[in-house]
Each structure stands twice: as structure tokens, then as C-alpha cells.
Amino acid sequence: MDLIQNLPQSLHSIWQEDLQKTISFDPPHISIYDLNIEEGTVFQKLQDLGKLSLPNHDESFENSLITSNIMKESGYVRYEISNYSIPGHQSRHNRVYWKGAGWWGFGQGSTSSPWGIRFSRPRNLNDYKEWVTIQNEKQLEQSLLQDSSKYIDLDEKIMLGLRTKEGVNLTKLFILEGWDKATSDKLMKKLLRNWQRYFQDELLKKEGNRIFLSDPRGMELSNQIIIS
């Protein structure tokens with residue numbers, strides 16, 4: 001089941017009631033996302049007119065902490081920033097993306113990421129028909145491997161890894177990138193220096209070569225940590 005928290009004030013008062021009601025159905029997996037105001041939506045128009053009252057950052061943070069505690073007390077494991085499950089019911093589909101593993105998507109507008117490369121097929125029907133007519137997978141593979149701009153970069157791999165409960169093993173990640181020890185050590189020191197204040201505030205934790213966000217405070221402040 002998918003839920004949205006940190007709603008407008010007129011709806012926020014019933015959030016915990018809705019959450020508890022959801023848990024009462026014993027779903028094995030629950031995704032909980034914060035409300036984002038997207039451009040061109042009714043919510044954006046209402047916000048621009050001053051008719052939409054949303055929780056401020058501090059209120060959203062406290063609300064999210066409460067949500068996390070309720071989920072934990074109810075037996076759910078937070079295995080990714082927005083995803084909770086009872087043991088043994090993590091989403092295998094989504095974990096493919098967070099681990100940076102490869103996948104194929106087929107059909108108009110689909111996205112694929114084999115070999116650490118990302119590309120999408122045309123969204124327009126006529127363009128897709130033309131693409132199918134002139135393309136074959138071997139040609140596609142050769143063209144993609146020649147275009148390094150399509151490779152998923154290290155920053156994204158770190159960002160995706162930090163979203164998960166396990167976090168990232170930077171040493172292993174650098175080895176997979178094919179870097180020598182001197183280059184790896186240099187970047188490791190830079191990252192640890194940038195993140196020092198988060199370690200001190202216990203928003204980030206380090207066990208061996210594994211770095212991960214603390215739960216719940218680190219995960220709730222993940223955006224400011226990851227972009228640093």
C-alpha cells in the first residue's frame with residue numbers, strides 16, 4: 001500500500017488515524033512518501049494563492065519521526081527511506097534500482113539500464129514505430145557502449161545506496177569503478193570530510209567500510225546529507 005504524509009493542515013489531523021487503519025489490514029509492504037507540490041497542479045495554484053497551508057520543515061520532520069516510530073512499533077522494518085515491510089517482504093523490484101543493478105524495459109516509453117547505462121525508448125507512437133523498424137538490440141548495445149554520457153555516475157550510485165538501510169560500501173564501489181588505491185583513498189577522505197558534521201550529529205553512521213543513514217533522524221534528513 002502507498003500513502004502520502006505531511007498533507008495540508010486541513011487533512012493532516014487524520015494522518016495518524018489513516019496510518020493506524022492501514023496497519024490494521026496487515027499489509028506486508030507499505031510505502032510512505034512526503035507530499036511534493038508539482039508544477040502545473042491544482043495544489044501549486046492553491047499554494048500560489050495562499051490557500052494551501054502545508055507543514056513547515058520542522059513540523060514535517062517531527063511528523064515523519066512519529067510515523068517512523070509507529071511503523072517500528074507495529075513490526076515494520078524501514079529498509080529504504082520511503083519503504084517499510086514486515087520481514088521477508090522487501091520489494092525485490094525496487095531494490096534493483098537502489099543497488100544500481102541492470103534491468104531491461106520493453107515497449108513504447110520504457111526505460112532500461114543494462115551494463116550500468118540508462119536509456120529510454122521513444123514515447124511518441126510514430127517515433128517508436130520508426131525506432132523498432134530500424135533498430136535491433138545488437139546495434140543498440142554497440143551505440144550505447146560508445147556513449148559514455150549515458151553511464152550512471154558515481155554520485156547517483158552513492159545517492160541510491162544511501163537511501164537503503166544497508167547504505168553503501170565505498171571501498172567496494174570504488175573497486176567496481178576500476179579506480180586505483182590512491183584515487184580511491186583520496187575520494188574517501190574527501191567524502192568523510194564533507195560528511196564529518198553528519199557523523200558527529202549521528203545522522204550518518206560508519207561500520208567498517210559501510211556508511212549508512214541513521215534511522216529515523218538520518219533518513220528524515222537524507223536530502224540535505226546526500227546533496228552535500
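Keep in mind the model is a prediction, meaning the values are calculated, not measured.
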Is the Phe174 ring parallel, tilted or perpendicular to the Trp179 ring (thresholds 30°, 60°)? parallel
Between CE on residue Met219 and CZ on residue Arg78, distance to nearest 0.5 Å: 5.5 Å
Find the distance between CD (Gln90) and CH2 (Trp98) and round it off to the nearest 0.5 Å. 8.5 Å
Only one of Lys99, Lys172, Arg95 passes salt bridge (Lys or Arg N to Asp or Glu O under 4.0 Å) with Glu166; say which it is. Arg95
How about Gln224: does its CD atom have over 12 heavy atoms from other parts shown lying under 6.0 Å from it? yes
4.5 Å side-chain heavy-atom contact, Ile81 and Leu213: yes
Pairs flagged by side chain to side chain donor-acceptor pair (under 3.5 Å) wherever residues 19-31 is involved - sequence neighbours left out: His29-Tyr79, Ser31-Asn83
4.5 Å side-chain heavy-atom contact, Lys157 and Glu177: yes
Can you tell me how far the CG atom of Asn36 sits from the CG atom of Asn6, to the nearest 0.5 Å? 10.0 Å
Take the angle between the ring planes of Phe199 and Trp195 and call it parallel below 30°, perpendicular above 60°, tilted in between. perpendicular
Check the pair Glu220 / Arg217 against salt bridge (charged side-chain N to carboxylate O under 4.0 Å, His left out), numbers first and verdict last. CA-CA 5 Å; Glu220 298 305 341; Arg217 294 183 69 248; over 6 Å; no
Is there a path of hydrophobic side-chain contacts, each under 4.5 Å between heavy atoms, that joins Leu35 and Val42? yes
With heavy-atom distances below 4.5 Å as the criterion, would you say the side chains of Leu154 and Ile158 are in contact? yes
Same cluster for Phe43 and Tyr33 if Ile/Leu/Val/Met/Phe/Trp/Tyr side chains link at under 4.5 Å? no
Examine the side chains of Ser64 and Gln5 and answer whether a donor and an acceptor come within less than 3.5 Å of each other. yes
So does Gly105 get a backbone contact from the side chain of Ser112, meaning a donor-acceptor N/O pair under 3.5 Å? yes
Can you tell me if Lys189 uses its side chain to pair, donor with acceptor, with the backbone of Leu191 under 3.5 Å? no
Does some side-chain heavy atom of Thr67 sit less than 4.5 Å from a side-chain heavy atom of Leu3? no
Is a donor from one side chain sitting under 3.5 angstrom from an acceptor on the other, for Ser60 and Asn63? no
Any chance you could measure Phe106, atom CZ, to Thr111, atom OG1, to the nearest 0.5 Å? 12.5 Å
